[in-house]
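Working notes, structure below.
First listed ligand is number 1; within each ligand, the first listed atom is number 1.
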Amino acid sequence: MSTLRVLLSAERIHARIQELAARIDQDFPSGPVYLVGILKGACFFLADLARAMKTPSRLEFIGISSYGRSKTTSGEVRLTKDLDVSIEGYDVIVVEDIVDSGITLSYLMQVLQQRKPKSLRIATLLDKPDRRQRSVKVDYVGFQIPDYFVVGYGLDFAEDYRNLRDVCILED
Ligand code: 5GP
């Protein structure tokens, strides 16, 4: 049977998001900033980050399916849902739940860069730097964590656990 152990409490997550939002406000004082959430894991982080920011934001979502992790590390990534708008000439922050191998984000950054945004940055709630295979420059990191499999606050295991308030380690 699986057990859950709290790694990051909802209170710690909330406090850290306020700090990230303050940094983004400083970096982009006028806005609007497009926050591009990667479905589905980033949904709660995106919602809380946008509400903590003072800089006006616009919300977009993008869907990605990655074959790189579960099978071989082929790095094959595919867009399953595209943006609804053009981001040309806008400041854009891609909002991700967790950066692991870096394959997903390095692919997505290439795709989005071709659309000529004014600036393109990355915000991730969690970062597992030990597992990196592709280098990605992450501008706003909530927490660096060791190589645990975590769930909650948007992160799932087979679609379960996304609605947990804390980020938890899933143990067998
Ligand atoms: P990357 O391309 O960086 O290897 O993959 C990032 C994606 O892998 C994340 O968006 C997430 O969907 C998934 N992932 C990586 N580590 C974890 C983890 O510890 N827990 C969960 N639930 N998903 C993870």
Problem - Backbone of Asp84 reached by a side-chain donor or acceptor of Glu60 within 3.5 Å - result: yes
Exercise for the section: Say whether Asp166 and Ser9, considering side chains only, have a donor N or O and an acceptor N or O under 3.5 Å apart. Expected result: no
Problem - Ligand-residue contact atoms, ligand 1 with Asp156, heavy atoms, under 4.0 Å - result: 21 (C), 22 (N)
Completion exercise
In ligand 1, the atoms that come under 4.0 Å of a heavy atom of Leu155 are 21 (C), 22 (N), 23 (N)
Problem - ligand 1 versus Asp97: contacting region, heavy-atom distance under 4.0 Å - result: side chain
Handout entry: Aromatic ring pairing Tyr153/Phe44, orientation class (parallel under 30°, perpendicular over 60°, tilted between)
Key = tilted
Exercise for the section: Check whether any heavy atom of Gly102 sits under 4.0 Å from an atom of ligand 1. Expected result: yes
Fill in the blank from the handout: Quick note, salt bridge (charged side-chain N to carboxylate O under 4.0 Å, His left out) partners involving residues 30-54, not counting sequence neighbours, are Lys40-Glu159, Asp48-Arg51
Practice task
Check if Lys128 has a non-hydrogen atom at a distance under 4.0 Å from any atom of ligand 1.
Solution key: yes
Problem - Option from Leu35, Ile38, Leu46, Val36 for which side chain to side chain contact (heavy atoms under 4.5 Å, CB included) with Phe61 holds - result: Leu46
Problem - Ligand-residue contact atoms, ligand 1 with Val150, heavy atoms, under 4.0 Å - result: 18 (C), 19 (O), 20 (N), 21 (C), 22 (N)
Fill in the blank from the handout: ligand 1 to Tyr148, heavy atom cutoff 4.0 Å, flagged ligand atoms 19 (O)
Exercise for the section: Might you confirm whether atom CZ of Arg165 has over 12 heavy atoms from other residues, nucleotides or ligands at distances under 6.0 Å? Expected result: no
Problem - Tyr161 heavy atom under 4.0 Å from ligand 1 - result: no
Completion exercise
Within the 4.0 Å heavy-atom cut-off, what Glu96 brings close to ligand 1 is side chain
Handout entry: Pairing of Arg121 and Asp91 as salt bridge, 4.0 angstrom limit
Key = no
Practice task
Using a 4.0 Å heavy-atom cut-off, say whether Phe157 meets ligand 1 through its side chain, its backbone, both or neither.
Solution key: neither
